[in-house]
Amino acid sequence: MTESAIGASSPGVAARLPRRPLVGVRDPEAAELWGPVFGDQDVGALDADLTQRYPGRPHGECIAVTGRITDRQGAPVRRQLVEIWQANASGRYAHQADRGPGPLDPHFTGVGRCLTDDQGQYRFITVKPGAYPWHTDFNAWRPAHIHFSLFGTAFTQRTVTQMYFPGDPLLAHDPFFQAVTDARARARLVATYDHELSVPGRALGYRWDIVLDGPAATPRETDA
Amino acid sequence: MTVPPPTLVPTPPQTIGPYFGHALPFAGGTDIAPDGHPDTVTVHGHLYDGEGDPVPDGLLEIWQPAPDGTRTGAPGSRRREPAAGHNGFTGFGRVATDARGRWTVRTLPPGGIGYLSLCLFVRGLPGHLRTRLYLPPAQEDSTTDPLLSALPPDRRRTLIAVPTGPHSCRFDIHLQGPEETVFLDFDHGFDHP
């Protein structure tokens with residue numbers, strides 16, 4: 001499936017794509033070379049564990065997702081906000097616009113957030129999201145994915161992306177994943193199973209490291 | 001400023017999708033200005049697609065220096081706590097467009113520059129869009145600001161908010177069409193404006 005298929009099945013997308021080239025900015029005084037700052041008050045104590053919000057446990061396979069956020073030089077993005085949202089184990093979002101066939105889970109909302117630590121590490125406990133159909137005309141299914149909203153040390157690095165799971169056969173059929181044409185960049189979107197990260201008796205461990213693009217105001221020491 | 005050459009392949013963006021509404025907007029996200037501040041400016045606008053239709057599923061983020069020109073921001077960007085030791089101004093705001101494509105934020109004019117930095121996320125787009133909102137009056141900036149001065153007048157106009165009152169202005173964003181807003185790239189060199 002192609003990008004035109006995305007347009008044909010996502011109402012109005014063709015009219016949303018800008019047609020003019022982007023205008024480059026290389027101003028060393030640009031305000032975008034700085035960015036918003038977050039602190040402990042911006043996240044709740046349980047915000048990073050999506051399985052502990054309700055009296056009961058959510059359905060599905062419990063997973064621990066962790067990784068390190070750096071810039072392109074490998075310097076850690078310290079004490080920054082990471083926000084995630086995802087479907088439940090049945091592939092259904094707890095969002096009123098999702099009319100998919102999967103059942104809602106009364107014990108799962110699928111929203112989380114945390115701050116990275118001083119090494120740029122983040123960690124979430126959640127359940128593995130289900131795949132779901134997004135347009136029946138095209139036999140189109142989204143592979144299991146978790147949406148990530150990321151802040152860097154500069155507003156130039158602000159981005160939103162999706163994490164996928166290794167070995168998912170739907171990746172070959174997903175126009176959103178395949179829209180990234182560079183194989184090395186596409187590989188960045190797929191987590192790896194890491195047995196060392198699994199929590200015995202509780203959660204399977206996945207590692208997903210993130211590299212943010214974009215210049216920042218001051219060069220920082222590269223983490224050794 | 002010596003910057004080491006980039007070495008790592010960056011993680012590419014992916015579409016925000018339709019289901020961010022219960023995850024990203026937060027209470028107070030539209031109130032960048034501390035409550036009751038006398039210098040508060042209301043900035044409002046519409047988000048339109050190339051057909052002129054409102055875009056009801058967009059998310060707009062604002063980043064800016066403080067009124068004194070400070071660019072370092074302050075912790076509490078999504079949960080401001082004046083009692084925690086800062087002046088209640090973090091320079092960050094977030095607003096989702098409503099069913100008619102409208103958005104409104106209240107802020108304080110930034111010190112040292114004439115613009116707010118915007119990052120826009122829209123259902124269906126493969127990645128985010130970056131632009132700037134120049135507060136009126138921006139006429140003097142059009143010769144001294146490196147971005148405005150590099151743009152032809154008809155393109156420059158898309159970045160300048162229009163006054164709607166003594167303390168308010170309107171900034172409509174057009175994703176496409178004859179009035180397409182200028183969108184920015186910070187990762188590479190100057191393109192042809």
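Throughout, protein chains are lettered first and strands after them, A, B, ... in sequence-line order, and every chain is numbered starting at 1.
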Side-chain heavy-atom pair [X], [Y] within 4.5 angstrom cut-off:
X: B/T72; Y: A/V37; result: no
X: A/L212; Y: B/P10; result: no
X: A/Q41; Y: B/P75; result: yes
X: B/E61; Y: A/R158; result: yes
X: A/L17; Y: B/L125; result: yes
X: B/R78; Y: A/V43; result: no

Chain B contact via [X] - which portion, at a heavy-atom distance below 4.5 Å:
X: A/R79; answer: neither
X: A/T156; answer: both
X: A/F38; answer: both
X: A/A154; answer: neither
X: A/L81; answer: side chain
X: A/E83; answer: side chain
X: A/V160; answer: both
X: A/D40; answer: neither

Query raised in the report: Does any donor atom in the side chain of B/Y19 or A/Q96 lie under 3.5 Å from an acceptor atom in the other side chain?
Result: no
Query raised in the report: Do B/S117 and A/E32 have side-chain N/O donor and acceptor atoms under 3.5 Å apart?
Result: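 A pair is found: one side chain offers a donor N or O, the other an acceptor, under 3.5 Å apart.
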Query - B/R157, CZ: over 12 other non-hydrogen atoms inside 6.0 angstrom - result: no
Query raised in the report: Has A/R53 got more than 12 heavy atoms of other residues, nucleotides or ligands less than 6.0 Å from its CZ?
Result: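 Buried by this count: over 12 neighbours within 6.0 Å.
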Looking only at non-hydrogen atoms, find the nearest pair between [X] and [Y] and report the distance.
X: A/T161; Y: B/P13; answer: OG1-C, 3.8 Å
X: A/T109; Y: B/H22; answer: O-NE2, 3.6 Å
X: A/F155; Y: B/L118; answer: CE2-C, 4.1 Å
X: A/A31; Y: B/I113; answer: CB-CD1, 3.6 Å
X: B/A23; Y: A/I84; answer: CB-O, 4.5 Å
X: A/R188; Y: B/T11; answer: CD-OG1, 3.7 Å

For [Y], is there any backbone N or O sitting under 3.5 Å from a side-chain donor or acceptor partner on [X]?
X: A/D42; Y: B/R79; result: yes
X: B/E180; Y: A/R20; result: yes
X: A/R16; Y: B/G50; result: no

Which answer fits [X], side chain, backbone, both or neither, if we ask what part of it has an atom under 4.5 Å from a heavy atom of chain A?
X: B/P65; value: side chain
X: B/F20; value: both
X: B/L116; value: neither
X: B/F183; value: both
X: B/V182; value: side chain

Starting at [atom1] of [X], measure out to [atom2] of [Y] and round the result to the nearest 0.5 Å.
X: A/D71; Y: B/T7; atom1: CG; atom2: OG1; value: 8.5 Å
X: A/L33; Y: B/R71; atom1: CG; atom2: CZ; value: 8.0 Å
X: B/F186; Y: A/Q157; atom1: CZ; atom2: CD; value: 12.0 Å
X: B/D185; Y: A/R26; atom1: CG; atom2: CZ; value: 10.0 Å
X: B/L8; Y: A/I210; atom1: CG; atom2: CD1; value: 13.0 Å
X: B/Q14; Y: A/L189; atom1: CD; atom2: CG; value: 5.0 Å

Just so I understand: if I count every heavy-atom pair under 4.5 Å between each of [options] and chain A, which residue has the most?
options: B/R132, B/E51, B/Q64; result: B/R132
options: B/I16, B/V122, B/D53, B/L129; result: B/I16
options: B/G58, B/G112, B/S77; result: B/S77

Query - Close aromatic pair by centroid cut-off 6.0 Å: A/F151 and B/F92 - result: yes
